[in-house]
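Right, one structure below, let's go through it.
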Amino acid sequence: MIYTSGQLAKRCRVSVRTVQYYDQQGLLHATRTSTNQRQYQDADLARLQQILAYQQLGFALKDIRQLLNNDNDPAPLRVLINQQREKAASDRQRAQAQIDSLNFLEKQLADSRVTATSLKKSILYGQRQPSKLRQLRRTLLVWLVLIELLLWSLATLIWRGASTWWALLGILLSVLVATIAITGYYRHVSYLCPHCQAEFTPAFRHWLWAAHTPNTRKLACPHCQQKSYCIEEYRSR
């Protein structure tokens, strides 16, 4: 079947200009009529669909040209797939960091106005905080689940007639594990005051009993003395 530029563009849902551009780049090969009109065949239709699919996957035109010229060799495609997958993963990480930064900045709006310092901290938060903080929280959750399983196991043993010494031992062990897990978490977090933008680490007793949300804790800032929900951040020991 013979297609004009317009017919080919319509079949592939692109503009005529796009078809002409690919032709100019040597990716399509039109024949010319006596009136200098471009004409394409079914092979060109399949080739254009292949070009558009590769472009949708993010391949550059020079890479698409290489793939079309080596259509029977899968090796270049495998290499480009791995490269593009790594690039897509990196782009996804950057996009997630941007989302985390925006969420962080939005939380600060609840208690304070946006300043140059808060904007800078928001960018840094997206770059360094979320993944480490999420991993820290997952670790704490694992420890708490293990403690709960231990207590349930001990309750089952006692219900079946085991000695109450097992209960005492289990409670002591659970308290010990919980203490290690909670203090370990405490050593890796600090807090950002929404009023003065200062970063600080509260005393353990104040931190432990403070009201909190998943991402904030109600604390008194030692710098401006304001008590509010401060944003939790990850810190090294």
Side-chain angles (χ1 to χ4, degrees), residues 1-33 36-107 119-142 145 188-189 214-215 232-237:
M1 186 172 178
I2 303 300
Y3 305 91
T4 65
S5 297
Q7 291 170 334
L8 190 66
K10 187 175 181 179
R11 287 291 300 271
C12 294
R13 298 180 180 179
V14 295
S15 66
V16 173
R17 191 169 181 176
T18 298
V19 174
Q20 293 173 347
Y21 174 74
Y22 288 142
D23 200 320
Q24 293 166 1
Q25 294 297 315
L27 297 175
L28 292 176
H29 306 289
T31 57
R32 297 280 183 166
T33 66
N36 202 35
Q37 184 182 31
R38 289 184 177 92
Q39 286 186 334
Y40 301 92
Q41 300 180 5
D42 286 330
D44 297 304
L45 173 63
R47 189 176 177 90
L48 178 56
Q49 290 172 335
Q50 193 174 4
I51 291 169
L52 294 172
Y54 283 139
Q55 193 168 53
Q56 184 68 27
L57 293 171
F59 294 140
L61 285 183
K62 64 180 182 63
D63 297 328
I64 294 174
R65 184 179 290 107
Q66 179 187 2
L67 293 173
L68 294 175
N69 293 336
N70 297 275
D71 198 31
N72 296 323
D73 184 5
L77 180 56
R78 289 196 183 97
V79 173
L80 289 172
I81 286 173
N82 288 331
Q83 291 176 350
Q84 192 60 25
R85 183 163 47 213
E86 290 175 2
K87 181 179 180 298
S90 178
D91 291 343
R92 181 174 60 187
Q93 290 175 355
R94 283 195 294 271
Q96 185 60 54
Q98 186 178 29
I99 291 170
D100 290 330
S101 292
L102 291 169
N103 291 338
F104 179 85
L105 185 59
E106 185 179 39
K107 291 182 184 110
L119 284 171
K120 182 178 179 181
K121 283 184 174 292
S122 296
I123 294 171
L124 291 174
Y125 180 88
Q127 292 173 345
R128 72 187 181 185
Q129 294 295 327
S131 60
K132 293 180 179 179
L133 202 54
R134 282 194 293 268
Q135 181 60 44
L136 182 64
R137 289 169 178 169
R138 282 196 293 265
T139 301
L140 178 62
L141 181 61
V142 168
V145 169
H188 283 93
V189 292
N215 296 300
E232 191 169 79
E233 294 186 317
Y234 180 90
R235 70 180 173 94
S236 301
R237 292 186 182 182

Closest non-hydrogen atom pair, S5 against V19: O-CG2, 4.2 Å
L48 and C12: which non-hydrogen atoms are nearest, and at how many Å?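 Heavy atoms of L48 and C12 come nearest at CD2-SG, 3.5 Å.
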Are any non-hydrogen side-chain atoms of L61 and Y22 less than 4.5 angstrom apart? yes
Less than 4.5 Å apart, side chain to side chain, heavy atoms only: is that true for I81 and R78?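 The answer is no; the side chains never approach within 4.5 Å.
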Rounded at 0.5 Å granularity, tell me how far [atom1] in [X] sits from [atom2] in [Y].
| X | Y | atom1 | atom2 | result |
| --- | --- | --- | --- | --- |
| L68 | Y54 | CG | OH | 7.0 Å |
| L28 | R38 | CG | CZ | 9.5 Å |
| Q55 | D63 | CD | CG | 11.5 Å |
| Q49 | L8 | CD | CG | 8.5 Å |
| L77 | N82 | CG | CG | 9.5 Å |
| Q66 | F59 | CD | CZ | 10.5 Å |

Could you tell me whether the side chain of D44 and the main chain of Q41 form a donor-acceptor pair under 3.5 Å? yes
Is there a donor-acceptor pair closer than 3.5 Å between any side-chain N or O of R47 and the backbone N or O of H29?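 Between the backbone of H29 and the side chain of R47 there is no qualifying donor-acceptor contact (under 3.5 Å).
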Evaluate the side chain to side chain contact (heavy atoms under 4.5 Å, CB included) criterion for residues Q7 and M1: first the C-alpha distance (whole Å), next the side-chain angles of each, then the deciding distance (0.1 Å), finally the verdict. CA-CA 11 Å; Q7 291 170 334; M1 186 172 178; 6.0 Å; no
Here's a test for you: under side-chain hydrogen bond (donor to acceptor under 3.5 Å, both in side chains), which of T4, T31, D23 qualifies with Y40? D23
For V142, side-chain contact (heavy atoms from CB on, under 4.5 Å) partners two or more places apart: L146
Surrounding CZ of R32 (heavy atoms of other residues, nucleotides or ligands, distance under 6.0 Å), is the total greater than 12?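 Enclosed: over 12 neighbouring heavy atoms sit under 6.0 Å from CZ of R32.
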